[in-house]
2 protein chains.
Amino acid sequence: MTKKKRITLKDIANEFNVSIATVSKALNDSYEISAKTKSKIQQYAQKHHYKPNSIALNLQNRKTKTIGVIIPNILNHFFTKVFVGIEKVATEKGYNLITCISNESYEKEVSAMELLKNSALDGFILSIAEETQIKQNFSHFQNTINQGIPIVMFDRVTDEIECDKVIVNDKEGAYNATNYFIETGCKNIAIVSTIHNLSVGKLRLQGYKKALQEANIPVDEALILKVDEFHDIDTLLKIVLDSKKVDAMLCLEEDSAVSTLRMVCSKGYKVPEDISIIGFTNGVLPRHVTPAITTISQHGIYLGETATKMLIERLENEDSETSHTTKVIKTNLIERDTTKPLPY
Amino acid sequence: MTKKKRITLKDIANEFNVSIATVSKALNDSYEISAKTKSKIQQYAQKHHYKPNSIALNLQNRKTKTIGVIIPNILNHFFTKVFVGIEKVATEKGYNLITCISNESYEKEVSAMELLKNSALDGFILSIAEETQIKQNFSHFQNTINQGIPIVMFDRVTDEIECDKVIVNDKEGAYNATNYFIETGCKNIAIVSTIHNLSVGKLRLQGYKKALQEANIPVDEALILKVDEFHDIDTLLKIVLDSKKVDAMLCLEEDSAVSTLRMVCSKGYKVPEDISIIGFTNGVLPRHVTPAITTISQHGIYLGETATKMLIERLENEDSETSHTTKVIKTNLIERDTTKPLPY
DNA sequence: GTGAAAGCGCTAACAT
DNA sequence: ATGTTAGCGCTTTCAC
């Protein structure tokens with residue numbers, strides 16, 4: 001099997017002893033070219049599987065129809081779902097995705113951005129790495145924007161950068177969940193956070209506090225469990241369960257919800273009779289553990305779709321210097337077996 | 001904030017009233033250029049963040065340092081892990097990833113390949129969509145290879161295409177699992193397959209049969225459950241549990257292992273005392289359900305790394321027309337609570 | 001030591 | 001109706 005080299009305009013031009021320009025025009029169905037020339041060239045091109053060299057086109061247009069995607073952690077189910085949404089819309093609109101995983105690292109995020117920019121893409125869709133949110137160093141984003149490359153941020157965003165954003169209504173999600181606890185008779189509501197460094201973590205905490213305040217329940221800092229490299233979740237849970245009366249726990253992401261459920265059960269509490277649990281992110285895990293965990297769905301796929309549409313919209317209307325917008329995706333509560341039913 | 005347009009060689013040349021060629025050589029540290037010219041140009045370039053336009057470079061080199069990745073389903077934990085491995089090595093070696101999801105569809109696979117080829121990449125890493133394996137139509141792969149674009153296939157492969165491959169030792173994995181059942185006293189071993197259309201599904205079935213035959217246990221076709229659009233898993237499981245004596249079940253992927261566990265428990269069987277269960281794919285789910293499921297790990301990350309190394313190896317040694325190789329990744333059994341311990 | 005020119009594949013303005 | 005030319009940004013002979 002011999003390698004068929006890709007055929008170019010030049011090859012076709014030689015074949016018919018016409019100029020390259022004629023071939024180009026013929027293939028683009030220009031009115032300048034006679035019908036019969038057009039048809040013979042088009043036929044020949046078809047037969048020989050002519051495909052324009054898109055690198056050459058890109059050089060000319062300074063457009064690549066490529067979107068750079070940077071995701072903090074693809075093993076996180078929420079991000080996987082967002083990615084599915086991004087991929088779906090991108091493919092529909094004929095865009096390619098070029099993807100890096102920042103692995104929550106600032107270094108990696110910066111270098112990924114460099115790498116991707118070097119391969120020339122039209123814009124970015126990204127969610128900020130945890131380390132970057134801690135460092136609060138966003139200059140690589142600003143530089144990118146200054147170079148004329150638009151960014152759409154999703155989920156983990158920052159006010160410091162002006163760009164299009166798609167976020168989840170985290171505050172409201174936590175607020176609603178906390179209210180749900182309150183309405184089903186819970187009063188001592190703990191919160192388990194592994195993500196207090198993230199913008200989303202902070203918003204969720206705000207929503208929790210707001211609901212408590214509205215219900216005239218004092219915020220007890222001892223019930224706010226911050227899991228980090230120095231404080232593992234099991235220890236924190238044990239301490240609070242042994243020292244405090246707790247009848248509900250709001251977990252700020254999927255994995256800690258599962259861990260919390262385990263610990264609560266192993267301590268002999270009945271779920272949801274003694275302790276109710278709600279967790280953020282409606283992944284596979286909460287649905288499959290026993291009892292199945294009530295979750296707050298963030299509609300990852302829809303979020304990804306929305307972000308991609310926003311970016312493509314901006315790319316294809318560069319003339320219109322519209323200002324940047326932030327879209328908010330509503331969460332909703334998916335009731336399962338770790339919460340009591342609402343009273344009617 | 002004004003848009004700083006990207007600076008080009010031409011801009012620098014104008015700045016110093018030298019030719020573009022001189023600038024190019026200076027930046028490439030050519031011996032032809034005087035030390036002082038070099039240093040002033042290099043400094044200027046640095047200060048103004050000169051970055052070569054990689055599209056122009058690509059045009060010239062016909063290399064893009066970009067790898068196309070096609071994954072059947074990113075929501076499948078195994079593929080997500082493979083993707084992590086691919087991404088890791090690609091980034092290390094300075095390659096970009098341009099990714100599509102075939103969604104198990106033949107159409108989408110073909111068009112994804114077209115889309116990706118148009119954006120000019122150096123090679124592909126892919127796993128074949130289910131529908132494609134059913135159709136057995138692989139000409140899009142052959143065409144790509146004929147165009148001089150190498151492919152590395154992973155996990156789901158076909159003998160019909162000659163290319164580099166990385167596969168899991170599926171047959172041996174199923175063989176070992178089945179033997180494990182036999183050694184722990186099981187005799188009536190069922191198999192639950194949702195993937196009999198896939199190459200990997202067939203291999204796993206072979207391993208199962210081989211182990212049975214070696215142990216002189218007759219293969220009972222009624223114990224081979226093929227789940228498909230017409231036969232849902234719950235019904236098949238009920239029928240076999242009601243009509244047959246079963247003391248072990250080998251599930252060919254993650255989700256059906258979880259479903260099987262549920263059904264077996266809900267029928268009142270004790271796991272593993274009455275019925276043992278082993279499932280392929282060591283994802284989050286099997287580890288977190290109760291009881292935790294014994295699984296066969298396919299080392300997805302390592303597989304992804306291996307595939308990527310193979311492709312880059314081939315890309316960077318195009319001269320050496322080495323023949324194609326197939327690497328086999330060993331599986332191993334991760335014992336949890338759905339199997340009895342081995343007797344010593 | 002520096003520059004002019006060709007070429008990578010293609011398009012588009014401008015001849016003929 | 002067809003061809004010529006320039007140019008996208010860069011590298012690489014080959015002259016000077």
Side-chain angles (χ1 to χ4, degrees), chain A residues 4-42 44-45 48-66 117-122 147-149 318, chain B residues 4-42 44-45 48-66 117-122 147-149 318:
Chain A
K4 301 169 206 149
K5 281 255 63 72
R6 242 179 191 240
I7 186 174
T8 69
L9 291 188
K10 198 178 182 180
D11 299 327
I12 304 183
N14 285 338
E15 177 71 22
F16 294 106
N17 280 314
V18 294
S19 77
I20 295 177
T22 304
V23 178
S24 172
K25 287 174 189 165
L27 292 178
N28 288 315
D29 218 13
S30 159
Y31 63 93
E32 295 178 88
I33 306 297
S34 73
K36 54 181 180 306
T37 309
K38 270 201 273 200
S39 79
K40 79 179 174 193
I41 287 182
Q42 286 172 357
Y44 183 86
H48 291 264
H49 306 106
Y50 169 77
K51 290 274 171 53
N53 177 328
S54 58
I55 306 186
L57 289 179
N58 291 341
L59 220 205
Q60 194 132 341
N61 308 330
R62 276 81 134 273
K63 291 243 189 182
T64 58
K65 282 221 141 197
T66 299
K117 271 200 276 187
N118 281 341
S119 23
L121 57 246
D122 298 345
Q147 284 164 33
I149 304 175
E318 270 182 316
Chain B
K4 301 167 203 149
K5 279 255 62 72
R6 240 181 195 238
I7 185 175
T8 69
L9 292 188
K10 198 178 182 179
D11 298 327
I12 304 182
N14 285 339
E15 177 70 22
F16 294 106
N17 280 313
V18 294
S19 76
I20 295 177
T22 304
V23 178
S24 171
K25 287 173 188 166
L27 292 177
N28 288 315
D29 218 13
S30 160
Y31 63 93
E32 296 176 90
I33 307 297
S34 72
K36 54 181 179 308
T37 309
K38 270 201 276 200
S39 78
K40 80 180 175 195
I41 288 182
Q42 286 171 359
Y44 183 88
H48 292 263
H49 306 107
Y50 169 76
K51 289 275 172 53
N53 176 328
S54 57
I55 305 186
L57 289 180
N58 291 340
L59 220 206
Q60 196 132 340
N61 307 329
R62 276 80 133 269
K63 291 245 188 182
T64 57
K65 283 220 138 199
T66 299
K117 271 201 277 188
N118 281 343
S119 26
L121 59 244
D122 298 344
Q147 284 164 34
I149 304 176
E318 270 182 316

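As the structure is a prediction and not an experimental result, all values here were calculated from the model.
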Roughly how many Å is it from CG in Leu9(A) to C1' in dG7(C), rounded to a whole number?
-> 15 Å
Could you give the distance from OG1 (Thr22(A)) to CD1 (Ile33(A)), rounded to the nearest 0.5 Å?
-> 5.0 Å
Whole-Å distance separating the CG atom of Leu59(B) from the C1' atom of dA6(C) = 14 Å
Output the distance between atom CD (Gln60(A)) and atom CG (Leu59(B)), rounded to the nearest 0.5 Å.
-> 10.0 Å
What does Asn17(A) touch in the nucleic acid at a heavy-atom separation under 4.0 angstrom: a base, only the sugar-phosphate, or nothing?
-> sugar-phosphate
OP1 or OP2 of dG1(C) sitting under 4.0 Å from any side-chain N/O of Lys38(B)?
-> no
Roughly how far apart are Ile12(A) CD1 and Gln42(A) CD, rounded to 0.5 Å?
-> 10.5 Å
In Å and rounded to the nearest 0.5 Å, what is the NZ to CG distance from Lys63(B) to Leu57(B)?
-> 13.5 Å
What is the distance, rounded to the nearest whole Å, between atom CD1 of Ile12(A) and atom P of dG9(C)?
-> 13 Å
Please check if the side chain of Lys38(B) supplies one atom and the backbone of Ser30(B) the other of a donor-acceptor pair under 3.5 Å.
-> yes
Between Thr22(B) and Ala56(B), name the one whose nearest nucleotide on DNA chain C is closer to the 5' end.
-> Thr22(B)
Helix axis bend for the helix from dG1(C)-dC16(D) to dT16(C)-dA1(D) - C1'-based end axes, five pairs, 10° rounding | 60°
Are the side chain of Asn14(B) and the backbone N or O of Asp11(B) linked by a donor-acceptor pair below 3.5 Å?
-> no
How would you label the contact of Phe16(B) with the nucleic acid (heavy atoms, under 4.0 Å): base, sugar-phosphate, or nothing?
-> nothing
Leu9(A) and Ser24(A) have their tightest heavy-atom pair at CD1-CB, 3.8 Å
Starting at atom CG of Leu27(B), determine the distance to atom P of dG3(C), rounded to an integer number of angstrom.
-> 14 Å
Protein-nucleic acid N or O pairs under 3.5 Å, nucleotides 12-14 of chain C:
none

Take atom CG of Asn53(A) and atom P of dG9(C), then tell me their distance rounded to the nearest Å.
-> 7 Å
Has Arg6(A) got a side-chain N or O lying under 4.0 Å from the OP1 or OP2 atom of dG9(C)?
-> no
Nearest heavy-atom pair of Arg6(A) and Lys117(B): which atoms, and what distance?
-> NH2-O, 3.6 Å
From the 5' end of DNA chain D to its 3' end, which nucleotides mark the outer limits of contact with chain A, defined by a 4.0 Å heavy-atom distance cut-off (strictly under)?
-> dA1(D) to dG9(D)
Give a yes/no on whether any side-chain N or O of Tyr50(A) is located under 4.0 angstrom from OP1 or OP2 of dC10(C).
-> yes
Hey, what do you get for CG (Asp122(A)) to OG1 (Thr66(A)), rounding to the nearest 0.5 Å?
-> 6.5 Å
Considering all heavy atoms of both residues, which atom of Ala45(B) and which atom of Leu27(B) are nearest to each other, and what is their separation?
-> CB-CD2, 3.6 Å
Looking only at side-chain atoms of Leu57(A), point me to the closest of dT11(C), dG1(C), dA4(C).
-> dT11(C)
Rounded distance [0.5 Å steps], CG in Asn53(B) versus CD1 in Ile7(B) = 13.0 Å
